[in-house]
Amino acid sequence: MKQRLLSTKCLPLLLILCFVLPLFAACGGGDSNAEETTVYETEILDGNQYDPKIPKVDYEEYEFAFLSAAMTADPYYVDYIVSEGESSDLIMDAVYRRNTVIEDKYNVKLVQIESNAPQADVRTQVMSGSVEFDAVILRGAFLANLARERLLYNLNELEWVDMTKPYWDANAAADLAVGDALYFTNCDINMRMPYGLFFNKQLIEDNQLTSPYTYLANNEWTLDNFGKLVKSISVDLNNDGLFDENDRYGATFEHHNAITLMYASGIRATTQDPTGYPTLTLMGDKTVTAYEKIKDIFSDSSYSYCLTCSTMDPHGFEHRWDYARYLFTQDHYLFHICAPTDIYQFADMEHEFGVVPLPKYDSAQEKYHSMMSWWTQAVGCPAVMDDPDRTGRILEDLNYYSSVIVTPEWFDVMLTRKYTRDDESESSLLTIKNSAVYDMGLYFDFGGLRTKILDVDPAKNNISTNYAKLRKAIESDIDDTFNKFNAPAA
C-alpha cells in the first residue's frame, strides 16, 4: 500500500503515538520505516465516539462492489465511491484514504460497477438468485421501484448496521421506513443534500431590496417575503418586447420547485403513522393557501422563467440546467433553487451570492424544512446477497470512516469554506443539511401523487381538483404497496 511521509506539523502527534500506541510498527525501534506512517492511520486514531469498533475480518481480496448509473445513463452520476489514488482533489483524496482503511482492515477491494441500465441489472440479477454487486447507489425513485418489487434488502436486518449513528441520516431512516423495514436511505457515503436557495446579493443591492439574510435573522424569511422579492425583478434586457432566456427575472424555476416550497412550508404528501403506514396528508386549508401563493409567484413569465416549460438550448453545457446556473452567475436571476452540492458551478461568479434555506410558510412555523428530491441518489442493497454479515460490516464502517475522513473535506472544507462567500451561507448550509425531509409519497408516486398532482406546471395546475380525482387511486396504491411489503416471501 502506498504511503506518504508525515509533515513536520504532525511530528508531535507521532511522538505521542509512539509512546501511547506501540501497536503501530512505525514507532518500533528496529523498523526501517520507523519515521513513516499513513495519514489514514492518524485519522483512524483521531476518530470519534461513534466508532462502531467492528472487529476486522480477512475477506481474502474480495471485491465489494457498488452498482451505479453510468455517466451516459444519468447526468448526475456518482463519482465519489472509488478513487485511483492520492491527488490534489481534496474529495477524491479523502475517498482514497477512506477506502484504504476499509481495504486494509478487511482485505477487500472496493469497486464501482457503472451500468447503462442499472434498474434492469438489479432486476435480472436478483431474480436469477446471483448478483455481482453488494450495494446499490441510484436515484431514490429508482430504488423505490426496486423496493416495491421486493428486490432490495431490509437494511434494518443487516447485522452491524446501526441507524441511530449520526452517519446514517435519521430523517431518511424515519421518513422512508415501510413499517419496521428500510429498503433505501441516505448516509455519509452519499454526498448529496436537499434543496436550498441561492440569491444574487448584487441584485438585492442594486434594487434596494431587503436581503434574505435580514429576513432570516428576524424570523421573517417566509413564503410571502420570498414572493415579494421575486416580483421585484423583471427586466427586458435586450428591449425586444419579449421575455425569454436573455432577460432578467426574480427567479428561475422548474415544476418540482413548487413542491420544494410546499415542503418548506411544512406540508407533506404522506406521513407515516405509528405502524409505519404512509397515510395521505396532502390536502387541507394550509395546502390550498400555500399552493395559491406559490402559483402566484411562478405564474407570471415576466418575473419567473420556467426552465421545464422551455426548450432552451444548453449552449454547450451538459444540459440546460447547467446553462441556467451559468445564467445565474451572469446576473439573469435573483433566485435559483438547487441543491447546495451544485455550488461549485458558481465559483467564478463575479458578483457575490448568498445561500439560505427555502422560506417558511410564516413566522409561526417552528423550523425550516428542506426537501430531498426523489431524483437524488440514495443507498440500498440487493435482496440477494452471499454474506449479509460482510455487507453489514463494510457498509457500517464505510459510513463511519466517511464521516471521519470524507465528510469533513466535502462539507466543512469544500462547501462551507471554499465556495461560500459569507458566514451566513455557512450557517444556512448546516440548516439545510440538518433539516432534510423525505416523503414516501414522492419516491413511490402512489397513484400518480407526484407525477399527476405535484410535479406539474403550477401555473396550469388545480391541485384541489386533481387531488379529488386521484384520491381513491392514491389510497388504493398505498394500501397495495404496504401489503406487498408485508406479505410473506414467495
Side-chain angles (χ1 to χ4, degrees), residues 195-215 221-262 264 290-339 342-343 345-356 358-359 421 425 455-462:
Y195 286 107
L197 187 60
F198 290 82
F199 70 94
N200 186 310
K201 294 167 79 171
Q202 188 64 47
L203 292 182
I204 291 288
E205 181 180 338
D206 291 348
N207 291 275
Q208 299 181 318
L209 303 174
T210 302
S211 170
Y213 286 154
T214 301
Y215 285 129
W221 185 226
T222 63
L223 191 56
D224 284 339
N225 284 327
F226 169 66
K228 185 190 304 181
L229 291 176
V230 170
K231 295 177 183 180
S232 300
I233 306 291
S234 177
V235 183
D236 181 6
L237 290 175
N238 55 7
N239 296 310
D240 64 354
L242 301 173
F243 276 92
D244 56 25
E245 65 185 78
N246 301 304
D247 298 309
R248 180 171 294 153
Y249 300 87
T252 176
F253 79 97
E254 303 169 45
H255 291 162
H256 65 259
N257 291 164
I259 313 174
T260 67
L261 289 167
M262 288 182 65
Y291 200 81
E292 287 305 310
K293 291 184 178 187
I294 295 165
K295 192 172 183 176
D296 180 58
I297 294 170
F298 289 151
S299 62
D300 192 324
S301 59
S302 66
Y303 50 73
S304 292
Y305 185 74
C306 179
L307 287 172
T308 38
C309 307
S310 76
T311 56
M312 183 171 67
D313 187 275
H315 293 269
F317 288 83
E318 190 170 3
H319 41 69
R320 65 179 182 227
W321 324 118
D322 280 351
Y323 178 55
R325 285 188 271 275
Y326 165 76
L327 290 177
F328 174 81
T329 70
Q330 303 303 303
D331 303 334
H332 280 263
Y333 312 124
L334 173 58
F335 287 109
H336 183 72
I337 297 175
C338 68
D342 292 320
I343 194 172
Q345 296 188 45
F346 308 145
D348 297 327
M349 184 169 174
E350 179 181 353
H351 289 146
E352 296 297 311
F353 66 84
V355 186
V356 290
L358 289 158
R421 301 184 180 184
S425 290
D455 192 19
V456 295
D457 185 352
K460 300 176 182 178
N461 186 27
N462 186 313

Set of side chain to side chain contact (heavy atoms under 4.5 Å, CB included) partners for Q345, sequence neighbours left out | D322, R325, D342
Which atom of G250 lies closest to which atom of L334, heavy atoms considered | O-CB, 3.2 Å
Would you confirm whether T329, through its side chain, and D348, through its main-chain N or O, come within 3.5 Å as a donor-acceptor pair?
-> no
Rounding to 0.5 Å, atoms OH (Y333) and OG (S304) come to a distance of 11.0 Å
Modelled atom types, side-chain donor and acceptor of D300 and S302, under 3.5 Å = yes
Atom OG1 of T252 and atom CD of E245: how far apart are they, to the nearest 0.5 Å?
-> 10.5 Å
CD-CG distance between Q202 and N207, expressed to the nearest 0.5 angstrom = 10.0 Å
Non-hydrogen side-chain atoms of H256 and T308 separated by less than 4.5 Å = no
Do the ring planes of Y323 and Y326 sit parallel (below 30°), tilted (30 to 60°) or perpendicular (above 60°)?
-> parallel
Check: F226 ring centroid to Y215 ring centroid under 6.0 Å = no
Is any side-chain heavy atom of V355 less than 4.5 Å from a side-chain heavy atom of F198?
-> yes
Can you check side chain to side chain contact (heavy atoms under 4.5 Å, CB included) on Y303 and I233, steps first, answer last?
-> CA-CA 6 Å; Y303 50 73; I233 306 291; 6.0 Å; no
Residues forming a side chain to side chain contact (heavy atoms under 4.5 Å, CB included) with H332, sequence neighbours excluded = L237, L327, Q330
Angle class for the F253/F298 ring planes (parallel below 30°, perpendicular above 60°, tilted otherwise)?
-> parallel
Within-4.5 Å side-chain heavy-atom neighbours: L209 and F199 = no
For the residue pair S425 and Y213, establish whether any side-chain heavy-atom pair is separated by less than 4.5 Å.
-> yes
By side chain to side chain contact (heavy atoms under 4.5 Å, CB included), D457 pairs with (sequence neighbours left out) H255, C309, A459, K460
The reported gap from CG in N238 to CG in N246 (rounded to nearest 0.5 angstrom) is 5.5 Å
State, without any angle test, whether H351 and E205 hold a side-chain donor-acceptor pair at a distance under 3.5 Å.
-> no
Taking NZ, NE, NH1 and NH2 as the nitrogens, is one of them in D331 or R248 under 4.0 Å from a carboxylate oxygen of the other?
-> no
For F353 and L203, what are the C-alpha separation, side-chain angles and deciding distance, and is it a side chain to side chain contact (heavy atoms under 4.5 Å, CB included)?
-> CA-CA 9 Å; F353 66 84; L203 292 182; over 6 Å; no
